[in-house]
2 protein chains.
Amino acid sequence: MAYRETPMVKQRKLAQKSGLLRAAESLVREGGFAALTIQAVASKAGVGVGTVYRYFNNKDELSTEVFRRATIRELEAVKLALSAELSVAVRLADAAEVFAQRAFAAPKLAWALIAEPVDPAVDLARLEYRKAYSALFEAVIAEGVDSGVLVSQTPSLSAAALVGAMAESLLGPLDHPSCDSLTIVALREFCLRAVGVLYKP
Amino acid sequence: MAYRETPMVKQRKLAQKSGLLRAAESLVREGGFAALTIQAVASKAGVGVGTVYRYFNNKDELSTEVFRRATIRELEAVKLALSAELSVAVRLADAAEVFAQRAFAAPKLAWALIAEPVDPAVDLARLEYRKAYSALFEAVIAEGVDSGVLVSQTPSLSAAALVGAMAESLLGPLDHPSCDSLTIVALREFCLRAVGVLYKP
DNA sequence: TAAAGAAGTGAATCATGATTCACTTCTTTA
DNA sequence: TAAAGAAGTGAATCATGATTCACTTCTTTA
């Protein structure tokens, strides 16, 4: 055999792939998914267009991967808040707050992840992750209902509604750079009311 | 002068235009905006492609018009519920119910209006109408806060959140043809809680 | 150093619909 | 009935990016 992939080559390939993903994400941070073209990714990463296709079968695969990675980071942050050692009510409000806080920290990215018109493939991923968010909230709401600290309700509907409320209520404020903290407080309160907190220990 | 538009011609042109809009909307009802191509509209309306361009400057104008007309119908229905001679709380819940009821009556259209990935031009219209919904709810929430039947809150945020909650919570149920009425009841309750009803006269 | 096996390249091609435009058909009026 | 002024037509063209592929360059091994 005259050629075999050495660890060094393997590592360089990994670095190349993650470099492409970085370039792609930074384009999305700047101009949303509309700015994510193969040409732009290639030139930002300093490679030829063809090279991008060595690492991703097609554009959908690249955009979806960018979406997925960014969204998982957000999801994990929310998950963390939801799994703290605190009361159900506080965990729910904290989760909403974390979501909002992070959105305000990177408004364009948040908008791209939440609401930008995107390729159907990316939109499919969006739906998936909306469900993932929903599932996280559903579990905590169900816990609250079972333990009697939340009013009786349909956790799956409340969870989806909460996710929708969080996303939609930020869309306006994300445009303006003002009053983030007021928005966050109002969102916390909305979520707490929506979920029907009975006892506030 | 050898030619002048007679009333008959004028009427025929109006009929032609509304025929094209009908054809377009029926395509959207069947397959969402993805199914809305100029070719399809022309053939469904029984005219040539070129004719479509006699009535609409470009595709964006046509799709936006379809979106606008359909959405205004929904908006008016919600507006009607919000302006009934009933308590603030009941009006809000009724409005959510009307929204949901109508969505279940035409699920594909509802999905197309609420969540389908669409051309940026249509999406812009979507944002506008989200704001319009929001404004309607905001006024009623503000009224409730002022008159002391709702807990103190930021009406603009609550309204946007409510609109988001209504849209998002229907996305799942719209896929399945089951349990519409349970969903609607759960949504009503969610909205009532979210908005913090103090007195229930 | 030579040959094999990739990775890298970017101009050329493709795909998908929108859009145009030279032409035909219809309507109106004198 | 003839000429003007539209409306109607659909094959051909355009626009926008994604995708390909023949070729070049790099890496590895014997």
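A, B, ... follow the sequence lines: proteins, then strands. Residue 1 opens every chain.
- Pairing of dT28(C), defined by two Watson-Crick or G-U wobble distances under 3.5 Å, is identified with dA3(D).
- Looking at residues two or more places apart in sequence or on another chain, you find no side-chain hydrogen bond (donor to acceptor under 3.5 Å, both in side chains) involving Gln39(A).
- Using a 4.0 Å cut-off, some side-chain N or O of Thr51(A) falls inside it from OP1 or OP2 of dT9(C).
- Rounding to the nearest 0.5 Å places CG of Asp123(A) at 10.5 Å from CD of Glu116(A).
- Rounded to an integer number of Å, the gap from Arg54(B) CZ to dC23(C) C1' is 12 Å.
- Within 4.0 Å (heavy atoms only), Thr37(B) reaches sugar-phosphate atoms of the nucleic acid but no base atom.
- Taking the six-membered ring where the residue is Trp, Phe67(B) and Tyr129(B) present tilted rings, their angle falling between 30° and 60°.
- Note: Leu20(B) CG to Arg54(B) CZ = 13.0 Å, rounded to the nearest 0.5 Å.
- Look at CD1 on Ile38(B): it is 7 Å from C1' on dA18(C), rounded to the nearest Å.
- Spacing between atom CG of Asn58(B) and atom P of dC14(D) amounts to 19 Å, rounded to whole angstrom units.
- Under the Watson-Crick and G-U wobble criteria, each requiring two contacts below 3.5 Å, nucleotide dA11(C) is paired to dT20(D).
- Atom CZ in Phe33(A) sits roughly 14 Å away from atom P in dA18(D) (whole-Å rounding).
- Rounded to a whole Å, the NZ atom of Lys59(A) is 8 Å from the P atom of dT19(D).
- The shortest distance between the side-chain N/O atoms of Gln16(A) and the OP1/OP2 oxygens of dG8(C) is below 4.0 Å.
- Judged by closest nucleotide on DNA chain D, Lys13(B) is the one of Lys13(B) and Gly50(B) placed further toward the 5' end.
- Taking atom CG of Leu20(A) as the reference point, atom P of dG8(C) lies 9 Å away to the nearest angstrom.
- Among the atoms of the strands shown, only primed sugar atoms or phosphate atoms (P, OP1, OP2) are found under 4.0 Å from some heavy atom of Tyr55(B).
- The distance from atom CG of Leu36(B) to atom P of dG17(C) is 12 Å, rounded to the nearest whole Å.
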Salt bridge (Lys or Arg N to Asp or Glu O under 4.0 Å) between Glu76(A) and Arg73(A), worked out: CA-CA 5 Å; Glu76(A) 289 299 322; Arg73(A) 280 202 300 273; over 6 Å; no

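- Counting non-hydrogen atoms under 4.0 angstrom, Val47(B) reaches the backbone sugars and phosphates but no base.
- In this structure, the CZ atom of Arg12(B) is 10 Å from the C1' atom of dA7(D), given to the nearest Å.
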